[in-house]
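Report on the structure given below.
Note that the coordinates shown come from a computational prediction; the quantities given were computed from them, not determined experimentally. Positions are given from 1 along the sequence.
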Amino acid sequence: QQVNDRLIEALKDEAVSIRLAAIDALSTVGDHSCIVALREALLDMETEVALSALDALRTLGGEQELRYLLAQENLPQFLRDAIELYLYND
């Protein structure tokens, strides 16, 4: 749990590369306790970080998570478009 906490904290690092590495690590660990933090990362100002977080959430939560995200009003349009591609082109 300590490792996950550090990785979640790294999602707020100023360096994009650190945030991306943290997302990748959280996705690999496969611990569903990080889903809330990854959802917050969807609102990152860097598109690459937000898309990486979306991919991690897809890995961890599957179609159910993607459908949940589509129902959120504050989700940016480019993420909605990516989710629709995942759902309807797989």
Side-chain angles (χ1 to χ4, degrees):
Q1 185 61 35
Q2 240 181 342
V3 172
N4 276 2
D5 291 345
R6 288 186 178 167
L7 290 171
I8 289 170
E9 189 60 34
L11 293 174
K12 299 173 187 163
D13 196 277
E14 66 182 49
V16 171
S17 60
I18 299 294
R19 297 195 307 272
L20 288 170
I23 290 168
D24 185 53
L26 287 167
S27 177
T28 301
V29 169
D31 184 348
H32 287 70
S33 69
C34 65
I35 285 181
V36 171
L38 288 169
R39 286 177 182 163
E40 291 172 7
L42 292 172
L43 301 178
D44 195 286
M45 296 302 292
E46 294 291 333
T47 302
E48 185 178 8
V49 173
L51 287 170
S52 183
L54 178 60
D55 194 49
L57 286 164
R58 177 184 179 210
T59 297
L60 292 171
E63 184 177 332
Q64 182 178 354
E65 177 64 18
L66 295 179
R67 293 192 183 284
Y68 169 82
L69 293 173
L70 271 181
Q72 304 311 301
E73 292 181 12
N74 66 335
L75 192 69
Q77 187 60 46
F78 75 95
L79 290 174
R80 289 183 184 287
D81 294 343
I83 290 170
E84 289 176 2
L85 283 174
Y86 284 147
L87 290 174
Y88 305 118
N89 291 329
D90 271 355

Worksheet entry | Any Leu69 side-chain heavy atom under 4.5 Å of Leu79 side chain | no
Discussion item. Just so I know, are the side chains of Val29 and Val3 near enough to count as touching, which here means a heavy-atom distance under 4.5 Å?
Written reply: no
Worksheet item: How many angstroms lie between CG in Asp5 and OG in Ser33, if you round to the nearest 0.5 Å?
Response: 8.0 Å
Discussion item. For residues Tyr86 and Leu70: do they belong to one hydrophobic cluster (side chain heavy atoms under 4.5 Å, members Ile, Leu, Val, Met, Phe, Trp, Tyr)?
Written reply: yes
Worksheet item: Any chain of hydrophobic side-chain contacts (each under 4.5 Å) joining Leu60 to Leu43?
Response: no
Item to complete: Please list all pairs passing the salt bridge (charged side-chain N to carboxylate O under 4.0 Å, His left out) test where one or both residues lie in residues 35-49, with sequence neighbours left out.
Response: Arg19-Asp44, Arg39-Glu65
Worksheet item: When rounded to the nearest 0.5 angstrom, what distance separates CG in Leu7 from CG in Asp31?
Response: 10.0 Å
Practice prompt. Check whether any side-chain heavy atom of Leu66 sits under 4.5 Å from a side-chain heavy atom of Leu57, and report yes or no.
Written response: no
Discussion item. Please list all pairs meeting salt bridge (charged side-chain N to carboxylate O under 4.0 Å, His left out) that have one or both residues in residues 67-85, counting only residues at least two apart or in different chains.
Written reply: Glu63-Arg67
Worksheet item: Are Ile83 and Tyr88 co-members of a hydrophobic cluster defined by side-chain heavy atoms under 4.5 Å apart?
Response: yes
Worksheet item: Roughly how far, to the nearest 0.5 Å, is CD1 of Ile18 from CD1 of Ile23?
Response: 12.0 Å
Item to complete: Give a yes or no on this: more than 12 heavy atoms of other residues, nucleotides or ligands lie within 6.0 Å of atom CD of Gln77.
Response: yes
Practice prompt. Taking the side chain as every heavy atom from C-beta outward, state whether Thr28 and Asp24 have any pair of such atoms under 4.5 Å apart.
Written response: yes
